[in-house]
Every structure is written in structure tokens, then in C-alpha cells.
Amino acid sequence: MSNALKKEMTSPSAEQHILSVENLDKSFGSVKILKDINVAIEPGDFLVLVGPSGCGKSTLLNCIAGLEKATGGDIRIGGRSMNGVSPKDRDIAMVFQSYALYPTMTVGKNITFGMKVRGVPEAEQQRKLNEVATLLQIEHLLDRKPSQLSGGQRQRVAMGRALVRDPQLFLFDEPLSNLDAKLRVEMRTEIKRLHQTLGASIVYVTHDQIEAMTLATKIVVMKDGIIQQVGTPNEIYNQPANMFVADFMGSPSMNLIPAQVEKVGGTAKISITRPDMDDIVLDFDREIKGLTDTRKSVILGLRPENITDSANQHITKGQVADCRVDVVEPAGSDTFVVTNLGGKQVTARLNADAQITAGETANFAFDLSKASVFEPESGARIA
């Protein structure tokens, strides 16, 4: 990768947002799809838009690309408003789920076609083709047709066609959803490597929360056209803004356990019911919003790795309690165990060699140092 191409990829001033979406609304007739969207990224950021099907993430990407016209608000790329600017003049490159390759052209011609249309000199076309082909490790494929390529190879060609444009902003629309599970993991690594090599600014749409967590420098979690939370992968995972984010992000997802909390001698005590046993009472050493001297119903959020077997506990501040084991699920590097707490099925993550059997009672350690507490009615985080 030449310094010239890398410089072209990162040319905007670091003082300005490469992308800024302000108060964006989008409606189709009377149906409001996007509702007051506000998000911005700096040059070199990898922003992932994630959420369930129908949440509006692809519509937001299409508005950024200019393929859909926003109903209200503003989109700025490189500090310039995109109101009335056509997609071809937005200095963006888009990689689609379907690859969108020309079947009668070779790989090389697919990659250089856009440059040819724009009148780029042939020597420059060849230079950029060689650089991108080397970067993507597809030099040996340049004379083949798309029909002779695997899914992963086609996706590399689609990315190569975007890379030679030297845009300010790359837009990826679920580019890995047509690939099998193993290839998805490989291509995820390739995209991560590309981002680190180029320092490119990327907006990436996916419904796969693992893709979001592994690729992003910043994640936007969406639901019903509304942004639920914007943050780093660490913030989204460890400090979810509400129960939707807590449940959606993470695999297995966060355990959301109905509980009661009260102050006892200045310390918050969280009580959780167990079938045919006394309640588990756990100390919680952080402030809970709205907690008075009155007992309060809450939802305790605990990731599976924060509930483990006490014999092999690697966690700090572990508080132990007996729980009945309902299901044991060996998963290679881990063993997942399902128990019943607060009237719900709760998943614990144990060591791979944990000696545990369904139907028995086992001693579990609970680490509340990274626990979340939510309001049951609104779902909002209160600790």
C-alpha cells in the first residue's frame, strides 16, 4: 500500500467529523422509519449500525449514500451538507450484500470500470488495480470472471472496486450475510485488517451483534427507527443503556433476572428467588438511582461469565450461592449451565472441564462488579 493511497484515504482534517447525521427523520408515507437520528464519526472510525430486522439501519445507510432522500434533518460528509447532492458526488464507495459485479467482465475490469468511466488515465488505473489486488490478495484472480469465483473471492472483488475510488467514506451493507459461517469469520478478519491498514472511515450495517462487537470502534444500536445507544464495543457490552441493548448485544445474551433491592445499613442488598430454596441475597456496592429505604423491584443484568463455578472462580468479589442445575451445555472452550433464578432461565459460563451434572445442586460464584440494574417498567439502566 503506497503512502499516496493511504494519505488519500485519510485526507480530511481530524478536527472535523468525516460524517455527521443531525436530527435525521425518514418517513415512507405516514410510516416514520427513522426518528431524530443523531450520530457523528471522526476520520478513521469504524461505525457499525446494528439492530434487528426492520429497525431502520439499512434505511439510514441509504440516506447517507443518497439512495434515499431524508424527510428531515441533515447529513454532512467531510463537513459538507449532502442536501440535494447526488450519490455519485458524495465521495463515498458502497459495498453491497449482493456484490453487484458485472458477470461478463473479468475481475480486473470489474475493479477498474468505475475509474474508466470517470476518465482516469490507464496507467493510473493499472497502478491502483495492482495496489488493491495485492492488498486483497487477489492478484491471481484478475483474469477470471465472477462466475469462476467463490463467495469470499467475489466479496474481495467488490471491496477492491470500492477501494480504488479513494473515497472519504466507505459504506458496507451487510456484506457478509451471503457467506457461510466459516467464511464470515475469515472475511471479518480481512475487513478488520483492511481498516487497520488503510485507516479508512467506514459505516457498516449488520444484524449480527458478533460482527458489530469485533469490527467496530463505535457501535450504534437501533430499534424501531430510534437509536438506543451509541458507544464503544466495551461500553455497549458492559454498560448497556437499557434492557434491549443488554439482551441484544452479547452471545449468549445478558441474563435479565427479576429481583428485589433494599438498603440495609447503607449497602444495597439484592434478593433473588430460587425454586424450593431461600432467596439469594447479594451485596451491591454501587449507587442505584431512585433507591430509597423502601424495597424496590428491579431487573439485575448479569453476563454469563459473571456467574461461574465457585471451585474454579477466576472472578473478583465473588459471592457464592447454591443453585439447581437444569441443563448442561458443553461448548468446547466453555461449559454453559442453565439454572432458574427469579423465575427465569439463567445461563452461567463455567470452565470447559467443570465437573457438573444436570439435576444436581452446585455452588456458583456471582461477580456483581460488572452487573447492570434496570428499571422493570421503562427498561432504563439505573446502575
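These numbers were taken from a predicted model, which means no experiment stands behind them.
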Pair Asp322, Thr361: side-chain N/O donor-acceptor within cut-off below 3.5 Å: no
Same apolar cluster (I L V M F W Y, side chains within < 4.5 Å links), Val281/Leu341: no
Exam field: side chain Gln228 to backbone Asn242, donor-acceptor pair closer than 3.5 Å: no
For Cys63 against Ile75, the heavy-atom pair lying closest together: O-CD1, 3.3 Å
Gln260 versus Ser297, side-chain donor and acceptor atoms under 3.5 Å: yes
Shared hydrophobic cluster for Ile299 and Ile236 (ILVMFWY, side-chain gaps under 4.5 Å): no
Approximate separation, where rounding is to 0.5 Å, of Leu129 CG and Lys109 NZ: 12.0 Å
Other residues, nucleotides, ligands: >12 heavy atoms within 6.0 Å of Glu360 CD: yes
Asn110 (side chain) donor-acceptor with Met105 (main chain) under 3.5 angstrom: yes
side-chain contact (heavy atoms from CB on, under 4.5 Å) partners for Ala216, two or more places apart: Val48, Ile219, Pro233
Gap between atom CG of Leu49 and atom CG of Asp173 - 0.5 Å precision: 10.0 Å
Gln168 side chain vs Ile18 backbone, donor-acceptor pair below 3.5 Å: no
Spacing of Ile226 atom CD1 and Ile37 atom CD1 [to the nearest 0.5 Å]: 8.0 Å
More than 12 heavy atoms of other groups within 6.0 Å of Lys192 NZ: yes
Same cluster (ILVMFWY, side-chain, under 4.5 Å), Leu176 and Leu149: yes
Common cluster, Leu291/Val298, ILVMFWY with side-chain heavy-atom separation under 4.5 Å: yes
N/O donor-acceptor pair under 3.5 Å between Asn351 side chain and Asp353 backbone: no
Of all pairs that satisfy salt bridge (Lys or Arg N to Asp or Glu O under 4.0 Å), the ones with a partner from residues 372-383, not counting sequence neighbours: Lys296-Glu375
Test item: side-chain donor near acceptor, Asp367 and Ser369, under 3.5 Å: yes
Note: Arg184-Asp208 ion pair, threshold 4.0 Å (strictly below): yes
Exercise: identify the closest heavy-atom pair between Met254 and Pro240: CE-CG, 4.0 Å
Short side-chain to backbone donor-acceptor contact, Lys370 and Asn238, under 3.5 Å: no
Side-chain donor/acceptor of Arg165 to backbone N/O of Phe170, under 3.5 Å: no
Where Phe284 and Leu368 come nearest, the two heavy atoms and their spacing: CD1-CD2, 3.8 Å
All pairs passing salt bridge (Lys or Arg N to Asp or Glu O under 4.0 Å) where residues 239-262 contributes a residue, at least two apart: Glu262-Arg295
Carboxylate-amine/guanidinium proximity below 4.0 Å for Lys128 and Glu131: no
Main-chain N/O of Leu350 paired with Thr308 side-chain donor or acceptor, under 3.5 Å: no
Electrostatic pair Arg274:Asp279 at N-O distance under 4.0 angstrom: no
Ring geometry between Phe248 and Phe244 (parallel below 30°, tilted from 30 to 60°, perpendicular above 60°): parallel
Check: Gly84 main-chain N/O paired with Lys69 side-chain donor or acceptor under 3.5 Å: no
Nearest-0.5 Å distance that lies between atom CD1 in Ile257 and atom NZ in Lys344: 8.5 Å
Within 6.0 angstrom of Lys35 NZ, more than 12 heavy atoms from elsewhere: yes
Tyr237 six-ring centre to Arg303 NZ/CZ under 6.0 Å and within 45° of normal: yes
Shortest non-hydrogen contact from Ile288 toward Ala268: CD1-CB, 4.2 Å
Any Leu169 side-chain heavy atom under 4.5 Å of Asp91 side chain: no
Crowding at CD, Gln148 (>12 non-hydrogen neighbours, <6.0 Å): yes
Exam field: side chain Thr71 to backbone Ser27, donor-acceptor pair closer than 3.5 Å: yes
Parallel, tilted or perpendicular: ring planes of Phe46 versus Tyr204, cut at 30 and 60 degrees: tilted
